[in-house]
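Data first, discussion second: the structure below is written as C-alpha cells.
These numbers come from a predicted model, not from an experiment. Atoms considered below: every heavy atom in the structure, side chains included; atoms not considered: hydrogens, waters and symmetry mates. Residue numbers begin at 1 in each chain, while the letters A, B, ... track the order of the sequences.
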Amino acid sequence: MSTSHLSNDVLLELSSHSDNIGDRAAAMEHLADCHDCRAELSGLREVAAVLHDDHVPQPSDELLQRIQRSMAENRRTDVQFISIKKSIARWSWGIGLAAAAGIAALVVPQRFQDEFEDESVADATTNATSAFDPVDFASAFSIGTSVAHAQQTPLVSSRAPITTGIDGSKLTKMRWSSIGYMRVSRSDQRPDRTSQVVVERDSVGGRALWRAVSTTITRHGTMVDSLWFQDDELRPFRRSFSIGNANLEYRFDAGERGRVLLIRRTPSNTVKVDTSTYYVAKSGFVLESEVQLSMLFALQPPHSGWSATFGTPGRSATDTLHPRQTIRIAGSETIQMPWGKVETWRAQLGPDATTWFVEKRTGRLVRVTSGERRNGQRQYRDITTFH
Amino acid sequence: MPPQLKMVRHDERRPFGASDISALRAGEDWAIDSCYRTHAGALLSLAYRLTGSHSDAEDVVHDVFVSLPNTLVNYEERGQFDSWLRRVTARAALMHHRKRVSRRETPRALEVVSQTDASRRAVDASTRSAVNRALGQLSPALRHVFLLRFVEQYSHSEIATALDISIGTSEVRLNRALTRLRELLGGIR
C-alpha cells in the first residue's frame, strides 16, 4: 500500500468514473487498503450523484420567445443598415479648411450624384503588392460636429468613385481567428489587383460587437478604390455574423482621394456620418490626419518647405493622448516601382521626422517599405498604405 | 453565395447533425427552436450553477443562443456539439460573473432550490439539500473551479484559461473548495 493518499484530482476522476486516470491500477490498489481514501471517494460520489442527477429545469417558452425577439431584432438591424447604405450613397462630401493654423480639415455632407457607381477599375499587370493593416481602434470624438470652415470650392468633391461591390464567389481566401476576437479576411489576389474584405468582430459578454467592415481594392500596390458592399454580398456576411445591440460602426474607404466614410449607428438608430477615420497606426500616427491631409493637399498643393501641423479636433495642443503631428515637405521625389514611376513629395512626419511620401496624384500618404537607390531614383518593391 | 439550406427539421431524439448546424449558423428559426428545446435545460442548469442565479442563468442562455450564428463560426464539426455548447455556455456564464464583479455588484450566493419530484428520487433528499447548501456557501471563485473540474471535467489548464488564472491557482482553489466542502458536509461523508 502506498503511504500517500490519492490526490484530489485522482479522487475526482474516480468519483466521476473517468478514464482519464494515469495509473488506475495503482489507484485501485491504494483504495483497497486505505479507509480514508475510500471514505473520501464515497463522499465525492454522493456529491457527484447530486450534481449529475440534479434537476434540469424545463426551459421556458418565455425565454425562447425572448431569444427569438432578439434574433429578429438583429435581422432587422441588417435590413435597416442596407437601406441606410442606399441613402448614404447619395451623399457627397465637401471639405473645409480649419482657419488660423491651417490645422484640421473638417467635412460636411452635400448632395451627391450616383454617376460614379458604375465606374470600374481598369485592368493592368503588376507584381507589386500592398498591405491592408487594420490597427488598434480609437474612440470617435467628433461625431455630428463637422463644420465647414472655409468658403473655397472643394477640390475633393464627388469624383471619388463609389463603385460596384466585390463578387463574393471569386474570393479565394478566408481566414478565421480565435473565438474572443475574430478577424475575417477574404481576399482575391490576382496579378493586377487585390480585393480584400475585412470584417472584425469583438465578442463582449457573449454579444458580438462589430468593429469594422471594410473592403478595399488595391491596384499596382496602391489603394485605388474601395467598394460598397452590394446587398447580395453583404447579406451572407451579415447573416453569418449577426449584429448585437451595441453601437455599430462601419467604416468604408471611399476612393482614391483618400476619403474615409464612417457610419455610426447609435442605440436610438440615429445615423451619424463622419469622414474621420478612427484608426491609429502602429507607428503612432493619427491616421485621420492622413485623410485630412489629402484634402489639405488638394486645397493647398504642397511644395518644398511646405509644412503643417495637424491636431485632433476638440483636443488641446497639450493633449498627450492625441498629440499634434507636424508634416514637412522635404522635396520632390520620384519613386520607381515595378510598374512605373510614382511622383511623390518626400515628407517628414511626426516628432521623429519619419520619412513618408505623399503621392502627388492622389495626395495620399504612403510609406515605402523596401528598396534601394539607383541612378538617383529610389527603386522599391512594395508600397504600403494604411487605412 | 449563401449556402442553400434544406429545411430539415431536427429530431430531438438524435444529436444535432451537420445540416442542423448549418441551419443554426444561418440563424434559421426552426433550428434555434429545436436546439433550444434539446439543450437549453441542461445549459440553464449549468449557467445557474456558475452564476448562482436563475435570472442570470436565463440571461446567459439568452446570450448564448442569440450569438449562436456567430459563435458557430468557430465550431469545428469534429467534436460533440453538446459538449461544445456547454463550453460556450460556461464561458458566457463566467464572463457574466466577471462583469458583475467588475461592476462591483455583490456576487450572488447560490440560490438553493429545494425541489423534489419523481425524476430526482435517485439521490436522497437530505443529501441533495446538504450538497446544494454547501455548494451555495462556497465563494464564487472556489465554486467555479470546483464545478468546472468536477462537473464539466475541465483540466486545470483549461480552467486556468477560462478563469484567467494560473494552473497553480486552479489547483489551490480546487483543494480549498474540497476542504471547505468537507467541513460543510462533515468530511464530505
Practice task
May I ask you to test the A/Leu64-B/His62 pair for a side-chain heavy-atom distance under 4.5 Å?
Solution key: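 Of all side-chain heavy-atom pairs linking B/His62 with A/Leu64, none is under 4.5 Å.
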Handout entry: Pairwise side-chain contact, A/Glu40 with B/Arg182, heavy-atom cut-off 4.5 Å (strictly under)
Key =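 Heavy-atom side-chain distance check passes, below 4.5 Å.
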Problem - Portion of A/Ser7 that has a non-hydrogen atom of chain B nearer than 4.5 angstrom - result: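 Neither part, no heavy atoms under 4.5 Å.
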Handout entry: Among the listed options B/Leu147, B/Leu94, B/Val60, B/Asp59, the residue most often paired with chain A at heavy-atom distances under 4.5 Å
Key =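 Counting heavy-atom pairs under 4.5 Å, the top option is B/Asp59.
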Handout entry: A/Gln68 side, atom CD; B/Phe65 side, atom CZ - distance, nearest 0.5 Å
Key =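 The CD atom of A/Gln68 sits 11.0 Å away from the CZ atom of B/Phe65.
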Practice task
Could you tell me whether a side-chain N or O of B/Tyr36 sits under 3.5 Å from a main-chain N or O of A/Ser60, the two making a donor and an acceptor?
Solution key: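 Indeed, once roles are kept as given, a pair shorter than 3.5 Å links the two residues.
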Handout entry: B/Arg87, CZ: over 12 other non-hydrogen atoms inside 6.0 angstrom
Key =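 Enclosed: over 12 neighbouring heavy atoms sit under 6.0 Å from CZ of B/Arg87.
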Handout entry: Taking every non-hydrogen atom, the tightest pair across B/Val66 and A/Ile67
Key =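 That closest heavy-atom pairing would be CG2-O, 4.0 Å.
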Practice task
Please flag which part of B/Val61 lies under 4.5 Å from any non-hydrogen atom of chain A: side chain, backbone, both or neither.
Solution key: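 Interface part for B/Val61: both.
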